[in-house]
Amino acid sequence: MSDVIVLGGGCAGLATAIAAAVLGLEVTLLEAAPQLGGGTANSSGFLWVGANHLHAAAGGNDTPDAVRAYLTYAAAGAADPERLEAFATQAPEALRFFIAAGIPFRVSPRIDHYGMAPGAMAGGRILDTPPIDAAVLDAWAERVAVPAGPLHRLGGSEAVKLGGGNSQAAWDAALVLARESPGRRGAGAGLVTWLVGTALAQGVTLRVGTPAKRLLQEAGRVTGVVTASGERLHAKRGVVLASGGYESSAELVARFESLPGWQSMFPPSLQGDALPMAQEIGAAIHHIGNNLSVFLGFRNPEEAPDLCRLSGTAELVAPHTMVVNRAGRRFADESFFQAVAPALRAFDPARGEYPNLPAFLIFDADYAAGQSFAGRPPGAEIPDWVPRAATLEALAAQLGIDPAGLVAAAARFSADAAALHDSEYQRGDTPWGLSRLGPAATLGAIARAPFYGVELHPTALASAGLLADASARVRHVRGHAIPGLYAVGNAAARTETGAGYQTGYSLASGLTFGWLAAQDMARA
Ligand SMILES: Cc1cc2nc3c(=O)[nH]c(=O)nc-3n(C[C@H](O)[C@H](O)[C@H](O)COP(=O)(O)OP(=O)(O)OC[C@H]3O[C@@H](n4cnc5c(N)ncnc54)[C@H](O)[C@@H]3O)c2cc1C
């Protein structure tokens, strides 16, 4: 019998398993899919850890108060103060712990999204892992997911060095060549490789293709799980739900999200299994109504046609692109995805429709000539599956957009680009991420044929999850913690960070609350 059973082989589950094993507990991790990695493998692999020791060692002047101020601003009133405090103060400790366990986190070039927030920092808080060769996992290399696309070969920091894929001047031929090495894993897939290697070294038992379906309980305490095949597995100290969100469950998405046309950016195994398993023994769930972890993306039939390829930090921030609705109108600062999210949820009661969904990415020949589309090298040919036309009117007809509206929007946007001021949505004025470089880096006329357009789909990190406390213990609907039951990562509601999204919150939360859960179980 194990001390601990962890459900889910993404960042949160693997981190919990490693921490529990380092603390001397015997751990079994069950993964539903045939491969480990979950949504974490699809990610860019960045972790946001305020006031961390790596930044301090490099001369950074971050403080816990600045971290609290930033987290509080971005949370938009939707955080649990105790969870926020635990995240602010314990994430740096968790980071030290996992570095000591053998994972070489390093400071990346990424910066805070909310540059206008009190406590924002222009660097030092976002970490990632260096690329790694999957051969270190021996036979387990085959059981770690690797998404299509260059990012997961290249690595997050390396991709940023290339200007986020959108700067031809910064495209580094040596890096491009390096990513062709077949075993190389970067970004989220690299992080998972580091985590799996460390878990195996710590003696964690890993089982893939083993979904858990029910919790076992004795005298109110969770004592184990029943798998889909009926196997009963017992745990002396606790069961940790690290099974991610419900982003690939059409039923739960329809129940909790108000975003027609939703497309998951995560693997099909993210069905929200933790919710019914815990709810049937009285667990509380929590919904963050104004969740801003909402993004726009498109289907790329060459990669994974059912997966939403995020566009928010690539095409949407680059010059010579804009996003319009069916009326052909822009509706937000495309370069600041937190500003796009509320506009996507807008509903027009007079017409009975969501005016900004579907949305469309529109770009022109100047974009195609110098920028990166769908992760291709800047200037590479735009693939055949992208609709195109010699005029904006003809493109609008193909996409089902009002032609007059599109022509008017492009004319105004082009004039604004020439004046380096977006008179409608101030694109480029928001001090965050790539567009922090100012309007010149993100504004560009849409005037040169051919014109291109693709439908964009809304996607998000789930708005609802299990209500957990500052030690990651799952709370009963009556308020008390359910003995022996923990939720970490996206299985838990994001009450430590609330509504806003900052690159790196999610993976850092998994690491931090996984570590806190492991400590709680070690003490039990
Ligand atoms: C393109 C992209 C880029 C991103 N970049 C970042 C980033 O840089 N930084 C960041 O913080 N976040 C990022 N995110 C978000 C981040 O990927 C997720 O929020 C995070 O990976 C969630 O981790 P997790 O461990 O909770 O869940 P997951 O990694 O999704 O793991 C959950 C696992 O549980 C398994 N599972 C499901 N049901 C069961 C069951 N019944 N029994 C056993 N196992 C089960 C699943 O198969 C899955 O493997 C990004 C997301 C995308 C799509």
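The shown structure was predicted, so the numbers you read here are calculated from the model rather than taken from an experiment.
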With a 3.5 Å cut-off and sequence neighbours excluded, list the donor-acceptor pairs that the side chains of residues 390-400 form with protein atoms.
unit_1 : atom_1 : unit_2 : atom_2 : d
T391   : OG1    : A394   : N      : 3.0
Q398   : NE2    : R388   : O      : 2.8

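- Within the 4.5 Å cutoff, side-chain heavy atoms of Q263 are placed close to those of R299.
- Scanning both residues, C11 and T40, for their nearest heavy atoms gives N-OG1, 2.9 Å.
- Within the 4.5 Å cutoff, the side chain of L47 has no heavy atoms near those of the I126 side chain.
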Evaluate the criterion salt bridge (charged side-chain N to carboxylate O under 4.0 Å, His left out) for residue pair R184 and D133; output intermediate values, then yes/no. CA-CA 5 Å; R184 188 180 161 104; D133 196 316; over 6 Å; no
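- Other residues, nucleotides and ligands place no more than 12 heavy atoms under 6.0 Å from the CG atom of D384.
- In summary, the side chains of E247 and S264 do not present any donor paired with an acceptor at a separation below 3.5 Å, with no hydrogens or angles considered.
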Apply side-chain contact (heavy atoms from CB on, under 4.5 Å) to residues I362 and T321 and explain how you reach the verdict. CA-CA 6 Å; I362 305 292; T321 69; over 6 Å; no
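- S335 has its side chain within reach of T442: a pair of non-hydrogen atoms, C-beta onward, lies under 4.5 Å apart.
- For the residue pair T495 / R83, a side-chain donor-acceptor distance below 3.5 Å is found, with atom types taken as modelled.
- S311 places a side-chain heavy atom less than 4.5 Å from the side chain of F298.
- Checking each of S248, S249, S243 against L270 for a side-chain contact (heavy atoms from CB on, under 4.5 Å) leaves exactly one that passes, namely S248.
- The shortest heavy-atom contact between I288 and A78 is CG2-CB, 4.1 Å.
- D416 and R427 are not joined by a salt bridge, as no carboxylate oxygen comes within less than 4.0 angstrom of a charged side-chain nitrogen.
- Under the side-chain hydrogen bond (donor to acceptor under 3.5 Å, both in side chains) criterion, Q502 pairs with Y70, sequence neighbours left out.
- Residues D333 and Q426 approach most closely at OD2-O, 3.9 Å, considering heavy atoms.
- Pairs passing the side chain to side chain donor-acceptor pair (under 3.5 Å) check and including a residue from residues 250-260, sequence neighbours excluded, read Y246-E257, E251-R255, E257-S463.
- At least one side-chain heavy atom of W194 sits less than 4.5 Å from a side-chain heavy atom of P130.
- With sequence neighbours left out, the side-chain hydrogen bond (donor to acceptor under 3.5 Å, both in side chains) criterion links Q271 to no other residue.
- The two residues D364 and A447 come nearest to each other via the heavy atoms OD2-N, 3.0 Å.
- A 4.5 Å side-chain heavy-atom check between L36 and L29 finds at least one atom pair inside the cut-off.
- Side chains of R494 and L461 form a contact here, defined as non-hydrogen atoms less than 4.5 Å apart.
- Looking at D366 and R448, a side-chain N of the basic residue comes within less than 4.0 Å of a carboxylate O on the acidic one, giving a salt bridge.
- Residue pairs meeting the ring-ring contact (aromatic ring centres under 6.0 Å, His included) criterion with at least one member in residues 440-463, sequence neighbours excluded, are F363-Y452.
- Using cut-offs of 30° and 60° on the angle between ring planes, the pair Y501 and F295 is perpendicular.
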Would you please test R330 and D422 for salt bridge (charged side-chain N to carboxylate O under 4.0 Å, His left out) and show each step? CA-CA 11 Å; R330 291 177 66 220; D422 173 5; 2.9 Å; yes
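- The ring pair (Phe, Tyr, Trp, His ring centres under 6.0 Å) test with H113 is passed by exactly one of Y73, W48, F337, F46: F337.
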Does the pair T129 and R106 meet the rule for a side chain to side chain donor-acceptor pair (under 3.5 Å), with working shown? CA-CA 6 Å; T129 44; R106 59 183 184 173; over 6 Å; no
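- Relative to the ring axis of Y354, R326 does not place its NZ or CZ within 45° and under 6.0 Å from the centre.
- Applying the side chain to side chain contact (heavy atoms under 4.5 Å, CB included) test to A339 and every residue at least two apart in sequence or in another chain returns F336.
- Nearest approach of W140 to L206, heavy atoms of both residues: CH2-O, 3.3 Å.
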